[in-house]
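Worksheet: the structure to be examined is printed underneath.
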2 protein chains.
Amino acid sequence: MSQALPPPIWSHRTRATARAPVSEEAIVQAALDLLDDEGLDAITMRQVAERLGVSAPTVYWHVGNKDGLLDRLYDRLCSEVPQPSPGPWQDRLRFLANAIRSVFAAHRDAARIAVGRFPLGPNGLRATETALAALADAGLSDEDAAHAAYLFFGYVTSFSYQETISPAPALAGDRADALQRVGQYLSTLPSGDFPHVTRCAAPLSRPGLDRRFAFGLDRLIRGLST
Amino acid sequence: MSQALPPPIWSHRTRATARAPVSEEAIVQAALDLLDDEGLDAITMRQVAERLGVSAPTVYWHVGNKDGLLDRLYDRLCSEVPQPSPGPWQDRLRFLANAIRSVFAAHRDAARIAVGRFPLGPNGLRATETALAALADAGLSDEDAAHAAYLFFGYVTSFSYQETISPAPALAGDRADALQRVGQYLSTLPSGDFPHVTRCAAPLSRPGLDRRFAFGLDRLIRGLST
DNA sequence: ACCTGAACACCGTTCAAGT
DNA sequence: ACCTGAACACCGTTCAAGT
């Protein structure tokens, strides 16, 4: 069998042959690069196309529409979530939650893609299976395990989303500044009308979110224990 | 004091005097009408302006930008949330959760506005105060109550959001159809790789969400009990 | 103080047409 | 089967200018 020759030097399709052929995989990768470099808002059908040296309608041919692209990108992110090692179901659930949060944190505002989605793609299903297995070991029925899985992913996802955006969108400046101003605002509220808000002003506007994530996760796990 | 006369009949500013003067309140109301009539995607600075018979930059003058408009609209929605009557803290929390979910359900995909926001506006603070008061009565410290409040609002909000959108965006057809296809898909997965997913296929794709909401709420409250 | 016209720099999506 | 040019119908936002 003769070896494939490169296109002849007089080929006029220099640009077309220069780039790798477009594929669904390449498109998802380009979207992921865009996400990492500039954030979710930079993921545009046109920008993705440009990264691949291709026209926008080509992207539509491969992934249908923007939602289809984000579905695939979400599953791609799910592929980065590691599996927990064997152990008590509580530990496996905690590991999974922290792993998912870490993946989101590693990709800017990736969590926004996950909000309203459930991990049902090829890779997402692995995480779903892991969660359901842990919940079954917790003694939950199939029905309760399904409900609990939604509760679990909903918590991790919405928490991750919350921490990627500034706490009060209307306020300018960086996050720490904005948070401090929220705390200041809350503490100066009339304490007659809002006794608890004023007393909780500081903890409500605390910047460190690791403790808060662990708190919610612990209470969730406790609530799921029989 | 003489009574104010209407503009003379020869006034050439017929259109300008015909409409009520624009105000922040009127703008928020127009946005709410748009939300109820056509959904969140219809809330556009231009569309809001058109509803008021005004040009788009006028809206900017009053609310700053679109985020500022949505902040105000969110607080307007919070004003529709009723206060619970006195009773055990669990009941008050449950009442508040159901009330918030009902308000979102009454305004199409309003929950999407709430995702990533925390009720800190004049009206939202009433709900926050109610939640914090209940959580304090549960025996939580100020710090834990603050964390739990985020957990609580995050749950109600993200659940409400989830139920306003179709479960698998890529699938066509109405929700019941799409859900059934998801269930079908999950049940035909290789049961060797996904034993729990296949067994939970039916409950994972069950359409009624009231039971699921109650389940999560119960477990949350249980997890917060000392 | 409040409002407008016109513009800038984009979007998602479709569709006939090419190879 | 895969890709392009050109277009449609929009966006959020700004800014000089008006009253």
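Letters A, B, ... are given to chains in the order of the sequence lines, protein chains preceding strands, and every chain is numbered from 1.
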Considering heavy-atom distances to DNA chain C, does A:Asn65 or B:Ala56 have its closest nucleotide positioned more toward the 5' end?
B:Ala56
Can you work out whether A:Ala42 or A:Gly64 has the more 5'-proximal nearest nucleotide on DNA chain C?
A:Ala42
Roughly how many Å apart are D:dA9 and C:dA9, using the P atom of each and rounding to a whole number?
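Between the two P atoms, the distance is 23 Å.
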With respect to the side chain of [X], which nucleotide from [options] is positioned closest?
{"X": "A:Tyr60", "options": "C:dT13, C:dC15, D:dC3", "value": "C:dT13"}
{"X": "A:Lys66", "options": "D:dC3, C:dT13, C:dC15", "value": "C:dT13"}
{"X": "A:Arg46", "options": "C:dT13, D:dG5, C:dT4", "value": "C:dT13"}
{"X": "A:Met45", "options": "C:dC11, D:dC3, C:dT13", "value": "C:dT13"}
{"X": "B:Trp61", "options": "C:dC11, C:dA1, C:dG5", "value": "C:dA1"}
{"X": "A:His62", "options": "D:dC11, D:dT4, D:dC2", "value": "D:dC2"}

Tell me if the CZ atom of B:Arg206 is crowded by more than 12 foreign heavy atoms within 6.0 Å.
yes
Please indicate whether B:Glu38 has more than 12 foreign heavy atoms, meaning atoms of other residues, nucleotides or ligands, lying under 6.0 Å from its CD.
yes
Centroid separation under 6.0 Å, is that true for the rings of B:Tyr155 and B:Phe213?
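Judged by ring-centre distance (under 6.0 Å), B:Phe213 and B:Tyr155 do meet the cut-off.
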State whether [X] places a side-chain N or O below 4.0 Å from either non-bridging phosphate oxygen (OP1 or OP2) of [N].
{"X": "B:Ser55", "N": "C:dT4", "answer": "yes"}
{"X": "B:Thr58", "N": "C:dT4", "answer": "yes"}
{"X": "A:Gln47", "N": "C:dC10", "answer": "no"}

So A:Asp36 and A:Arg108, do their side chains get closer than 4.5 Å, heavy atoms only?
no
Treat a base pair as Watson-Crick or G-U wobble with both distances under 3.5 Å, then lay out DNA chain C in dot-bracket form, 5' to 3', with | for cross-strand pairs.
||.|||||...|||||.||
Nearest-angstrom distance from the residue atom CG of A:Leu70 to C1' of C:dG12
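From A:Leu70 CG to C:dG12 C1': 12 Å.
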